*Asks:* 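Structure provided below as structure tokens; questions to follow.
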2 protein chains.
Amino acid sequence: MKPEAIFGKVLKSLRTEHGVSQEELAFRANLDRSYISMLERGINQPTLSSLIALAEALGIRTSELLKMVEDELKKIKDSD
Amino acid sequence: MKPEAIFGKVLKSLRTEHGVSQEELAFRANLDRSYISMLERGINQPTLSSLIALAEALGIRTSELLKMVEDELKKIKDSD
DNA sequence: CTGTAGACTACGGTCGACT
DNA sequence: CAGTCGACCGTAGTCTACA
């Protein structure tokens with residue numbers, strides 16, 4: 001499984017937990033709504049600055065965001 | 001200060017602490033040596049997969065790498 | 001061993017409009 | 001509210017080669 005697909009899952013679950021729409025998240029992170037959509041669907045992978053902007057928009061540290069991605073990646077590798 | 005500049009500093013210090021050359025790191029991370037050079041100089045910013053590959057090549061977790069970047073960012077913001 | 005440069009390909013990221 | 005499409009631009013990332 002590709003890292004951007006994992007990232008998309010994590011991003012979507014974090015966003016919905018926060019109860020914010022893609023549009024709202026895009027606004028907070030200063031990114032484009034269609035781009036958020038692509039990220040959540042695993043079509044694109046973010047750059048460092050996008051990661052930082054998204055984490056900030058979600059009110060968590062970038063390292064926490066990455067930790068969740070790592071954990072998901074590991075889970076899937078184990079059950080693979 | 002731009003995040004990619006901070007990242008470059010962190011990457012370079014981690015690499016030298018590990019006592020490996022840019023060439024060796026590039027090989028381990030499956031990336032190009034000239035690209036590593038650009039990253040360390042803050043000219044380019046990495047994507048998610050590059051971050052993962054580099055962290056792995058340095059024997060640390062991606063979240064740890066990002067944490068160091070965050071801390072540096074914060075330090076500079078404070079003294080700013 | 002590293003910086004840099006040019007040339008190139010692929011993809012990150014924006015924007016508007018429609019489903 | 002979310003997916004997607006096409007057009008567009010900037011840049012991530014490779015490769016060769018030289019200082």
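For clarity, every value in this text was computed on a predicted model and none was experimentally measured. Chain A is the first sequence line, chain B the second, and so forth, proteins listed ahead of strands; every chain is numbered from 1.
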*Asks:* For A/Ile36 and C/dC15, what is the distance between atoms CD1 and P respectively, to the nearest whole Å?
*Replies:*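 So the two atoms are 13 Å apart, to the nearest Å.
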*Asks:* If you check every side-chain atom of B/Ser37, which of C/dC1, C/dT4, D/dG3 has the closest atom?
*Replies:*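 Of the options given, the side chain of B/Ser37 lies nearest C/dT4.
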*Asks:* Name the closest nucleotide to the B/Arg41 side chain, picking from C/dT2, C/dG3, D/dA2.
*Replies:*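 Among the listed nucleotides, the one closest to the side chain of B/Arg41 is C/dG3.
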*Asks:* Between N or O atoms, less than 3.5 Å apart, protein on one side and nucleotides 9-12 of chain D on the other: list the pairs.
*Replies:*
unit_1	atom_1	unit_2	atom_2	d
D/dA12	OP2	B/Asn44	OD1	3.1
D/dA12	O5'	B/Gln45	O	3.2

*Asks:* Looking at every strand, decide which applies to A/Arg33 at a 4.0 Å heavy-atom threshold: base, sugar-phosphate, or nothing.
*Replies:*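 Base: the residue A/Arg33, judged by heavy atoms under 4.0 Å, touches a nucleobase.
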*Asks:* Distance-only, no hydrogens or angles: does the A/Arg41 side chain make a donor-acceptor pair with backbone N or O of A/Gly8 under 3.5 Å?
*Replies:*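 Answer holds: no.
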*Asks:* So, taking the atom named CG in A/Asn44 and the one named OG1 in B/Thr47, what distance separates them when rounded to the nearest 0.5 Å?
*Replies:*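 Reported value, rounded in 0.5 Å steps: 11.0 Å.
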*Asks:* Find the distance A/Lys12:NZ to D/dA2:C1' and express it as a whole number of Å.
*Replies:*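 A/Lys12 atom NZ is separated from D/dA2 atom C1' by 8 Å.
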*Asks:* B/Arg15 side chain N/O closer than 4.0 Å to the phosphate oxygens (OP1, OP2) of C/dC1?
*Replies:*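 No, outside the criterion.
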*Asks:* How long is the straight-line distance from NZ of B/Lys67 back to CZ of A/Arg61, given to the nearest 0.5 Å?
*Replies:*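 If we round to the nearest 0.5 Å, A/Arg61:CZ and B/Lys67:NZ are 6.5 Å apart.
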*Asks:* Choose from C/dT14, C/dC1, D/dT14 the nucleotide whose nearest atom is closest to any side-chain atom of B/Ser21.
*Replies:*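 Of the candidates, C/dC1 comes closest.
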*Asks:* Would you list the protein and nucleotides 5-10 of chain C atom pairs, both N or O, that sit under 3.5 Å from each other?
*Replies:*
none

*Asks:* Using a strict threshold of under 4.0 Å (side-chain N to carboxylate O), is an ion pair present between B/Glu70 and B/Lys74?
*Replies:*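 Between B/Glu70 and B/Lys74 there is no salt bridge, as every charged N stays at least 4.0 Å from the carboxylate O atoms.
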*Asks:* Within this structure, what is the CD-to-C1' distance between A/Gln22 and C/dC15, rounded to whole angstrom?
*Replies:*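 Checked: the CD to C1' distance equals 16 Å.
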